[in-house]
Amino acid sequence: MNKNDSYLEALVGKDDRKIAEIYEKYYDNVKSYIMSNGGQEADAEDVFQRVLLQIAVRYRKEKFEIKSGFDNYLFVACRNSWIREAKKSKKMLTSELKDDLKDDYAVDLSLGLLEQKRWELFNDGLSQLSDKCKKILGLYFAKVPYDQIMDALDYSSETVARQRVFKCKAKLKEIITKNKLYNSLKEL
Amino acid sequence: MKTEDQILIEKQLREGLSEDEKAIFLSKLAGDDAFRQEYELEKQLHENLNETDWNLIEDKDADAVREYTELFRSEESTELAALLTDIAAKRKDQQPAKGKSRQLIWYIGIAATLLIGIMTLVLLLSQGPETPSELYAVYMDLTEVPSLIERGSETDSMISEALGEAQSQFENGQYAQALVAFDRIIQQTGERSGTIMIYQGIALMETNQYDAANETFETLINSNSIDATKGYWYKALLLLKQEKTRESKALLEKISSENLYNAKRAKVLLQELNR
């Protein structure tokens, strides 16, 4: 059994020694990320626990495979969970229907888990593109203006940069929409 | 999909629409199915692929949500949640108490760092082989990357500010923005220092732009920079991340035998890869 699977099995099997090892090895990185991005230690504890629960439930349901290494996967999932919290808070501030946005803990964990699956689907699509496409789309999705994209990547004009973005985006959409998971996640 | 519609959707998601454009956008959204579907997909692309945004689920009553909610409410999950709370609490109890003098904490910090270093080494040597990507994560230590801002240097204040911003984007994992910032700094200063190349290479590596990262480290290795030999170390990590273990090992051998940057760490990593 590889290390990824052994941690996944430990979570499902509630192996306290192995789970303590997960905390020992990986919690501090998550804590330092969250605390340097506007959170408190309690937020880090909450995020870490939520993500471990989500990983356990997901593995119990569908035996998913972690390709990137457990540590990397766990960190990215925690970072995403924290970005999600920020987005939710922002939405709460701007919504008049605040009560509708408050979900109970189990529903919120489910929403977060499905959102993470959708995020993985989209990012997996992006990873299949050429380095050039990844680079230009990275700037495009970071909302870098076209004149700066043109300068950064040495395109002759903004029109050329825009055409390149459209081409890369079309390829990306093709990859994502062809993925069999897409239909089950797109309309959530 | 017409180009003008694509531009309208893009503008709505990137910089925002004028009042007139907004009216056209809303009317298309309400009356044109193909437009609405295209917008939904574009919105998902933006929210999933912007490093600081997130794509929240709208349909909370969907079957998939209900299925997972059942599992989170199950006895299994409740027990696991209790166990996690318990482990976290025990771990917290073992942390050193607050309120010690700063000097003492500093000494404890040094001792802890040494201990963790030794423990990591012992762990690395005692555990079974890890995957190349796990080893990459262990050995890619961002804290050893030198700061972009040199203390006491007479760098132009605008450049210093740009360097500070780029470094902060890099540290926050906003690699795409950091890469743009590095390009701009290089254009403004007309030079590409070894340190900037290290930052660029890591940012490219972290965004999976492997060919570009390789080119950057090659340029660093062939440069006259004082940091040139660091290029071998980062290139070895790049190969590890790509699971090109054989090539990575060859480079680590070179680092170790020629006593290049991080020669000792290269030796330990080699031992780990050879297990």
Side-chain angles (χ1 to χ4, degrees), chain A residues 2-3 11 14 16 19-20 23-24 27 37 45 48-49 52-53 56-57 60-61 68-72 79-80 83-84 87-88 91 103 105-107 109-111 113-115 118-119 122-123 126-127 131 134-135 137-139 141-144 148 151-152 166 169 172-173 177 184 186-188, chain B residues 6 14-15 40-41 44-46 48-60 62 64-69 71-73 76-77 79-81 83-88 90-91 128 130-131 133-134 136-138 171-177 179-180 183-184 187 207-212:
Chain A
N2 68 35
K3 205 153 210 173
L11 286 167
K14 298 189 279 291
D16 54 353
I19 295 173
Y23 268 88
E24 204 56 52
Y27 173 70
N37 282 279
E45 285 168 7
F48 201 74
Q49 176 164 337
L52 290 180
L53 276 171
V57 159
R60 190 142 52 96
K61 189 170 186 287
S68 58
F70 185 82
D71 49 351
N72 191 34
R79 188 198 64 194
N80 285 348
I83 293 170
R84 175 177 190 266
K87 176 96 183 238
K88 270 173 59 194
K91 203 171 171 188
D103 298 304
Y105 192 61
V107 174
L109 285 172
S110 306
L111 295 169
L113 190 159
L114 285 159
E115 288 160 10
R118 190 156 65 186
W119 181 89
F122 278 72
N123 278 273
L126 185 69
S127 73
D131 281 356
K134 278 182 216 161
K135 193 167 187 180
L137 289 183
L139 300 177
F141 290 123
K143 301 189 182 178
V144 174
Q148 290 179 27
D151 286 345
F166 276 25
K169 223 166 39 166
L172 176 61
K173 285 180 195 168
T177 52
S184 63
K186 72 172 178 182
E187 280 174 5
L188 289 173
Chain B
Q6 284 179 328
R14 275 166 59 89
E15 65 248 51
E40 291 299 335
L41 177 55
Q44 289 186 348
L45 283 175
H46 277 262
N48 280 296
L49 300 172
N50 178 320
E51 289 162 346
T52 56
D53 203 349
W54 190 250
N55 187 208
L56 292 169
I57 284 176
E58 307 286 340
D59 182 7
K60 294 172 184 174
V65 179
R66 271 204 290 268
E67 275 172 38
Y68 279 112
T69 303
L71 288 172
F72 281 114
R73 286 186 180 140
E76 282 276 302
S77 297
E79 282 172 12
L80 177 60
L83 178 64
L84 295 175
T85 307
D86 190 39
I87 290 171
K90 274 186 194 154
R91 199 174 174 275
E130 308 209 24
T131 64
S133 66
E134 277 185 311
Y136 165 80
V138 170
E171 285 166 358
N172 290 326
Q174 295 168 312
Y175 296 117
Q177 287 104 311
L179 283 165
V180 176
D183 285 343
R184 209 169 304 136
Q187 272 179 3
T207 48
N208 301 334
Q209 299 177 57
Y210 299 134
D211 292 343

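Hydrogens, waters and symmetry mates play no part in the numbers below; they use all other heavy atoms, side chains included. Numbers restart at 1 for each chain; the letters A, B, ... are given by sequence-line order, proteins then strands.
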A:L172 versus chain B, the contacting section by heavy-atom distance below 4.5 Å: side chain

Side chains of B:R66 and A:S110, donor plus acceptor under 3.5 Å: no

Choice from B:T207, B:D86, B:L41 maximising heavy atom contacts with chain A below 4.5 Å: B:L41

Winner by heavy-atom pair count (cut-off under 4.5 Å) against chain A, out of B:V180, B:N55, B:L179, B:T52: B:N55

Salt bridge (charged side-chain N to carboxylate O under 4.0 Å, His left out) partners for A:K143, two or more places apart: none

Portion of B:D183 that has a non-hydrogen atom of chain A nearer than 4.5 angstrom: side chain

Proximity breakdown for A:R79 and chain B, heavy-atom pairs closer than 4.5 Å: neither

Straight-line distance of B:L49 CG to A:W119 CH2, nearest 0.5 Å: 9.0 Å

Toward chain B, the part of A:T177 with a non-hydrogen atom under 4.5 Å: side chain

Contact class of A:N72 relative to chain B, heavy atoms under 4.5 angstrom: neither

Heavy-atom closest contact (B:A137 atom, A:D71 atom, distance): CB-OD2, 3.2 Å

Donor-acceptor pair, side chain of A:E45 and main chain of B:A88, under 3.5 angstrom: no

Test of ring centre spacing under 6.0 Å for B:F72 and A:Y105: no

Contacting region of B:E51 [heavy-atom separation from chain A under 4.5 Å]: backbone

Leading residue by heavy atom contact count with chain A [cutoff under 4.5 Å; candidates B:E79, B:Q187, B:Q174]: B:E79

Contacting region of B:R91 [heavy-atom separation from chain A under 4.5 Å]: side chain

Per-residue contact mode, B:E76 against chain A (heavy atom under 4.5 angstrom): both

Residue selection (most heavy-atom pairs with chain A, distance under 4.5 Å) from B:H46, B:R14, B:E15, B:K90: B:R14

Side chain, backbone, both or neither of A:L113 within contact of chain B (heavy atoms, under 4.5 Å): side chain

Under 3.5 Å donor-acceptor, A:D131 side chain and B:D211 backbone: yes

From A:K169 atom NZ to B:Q6 atom CD, the distance as rounded to the nearest 0.5 Å: 6.5 Å

Considering all heavy atoms, the nearest B:K60-B:I57 contact: CE-O, 4.3 Å

Toward chain B, the part of A:L126 with a non-hydrogen atom under 4.5 Å: side chain

Per-residue contact mode, B:L80 against chain A (heavy atom under 4.5 angstrom): both

Donor + acceptor pair across side chains of A:Q49, B:T85 (<3.5 Å): yes

Heavy-atom contact with chain A under 4.5 Å, split by part of B:S77: both

Donor-acceptor contact below 3.5 Å, side chain B:N50 vs main chain A:F141: yes

Most contacts with chain B, counted as non-hydrogen pairs under 4.5 angstrom, among A:N80, A:L137, A:N37: A:N80

Toward chain A, the part of B:L45 with a non-hydrogen atom under 4.5 Å: both

Main-chain N/O of A:I83 paired with B:W54 side-chain donor or acceptor, under 3.5 Å: no

Interface moiety of B:E171 toward chain A, non-hydrogen atoms closer than 4.5 Å: neither

Interface moiety of A:Y27 toward chain B, non-hydrogen atoms closer than 4.5 Å: side chain

Pairing residues for B:D53 by the salt bridge (charged side-chain N to carboxylate O under 4.0 Å, His left out) criterion, not counting sequence neighbours: A:K87

Chain A interface, residue from B:A212, B:A81, B:A64, B:A62 that has the most non-hydrogen pairs under 4.5 Å: B:A81

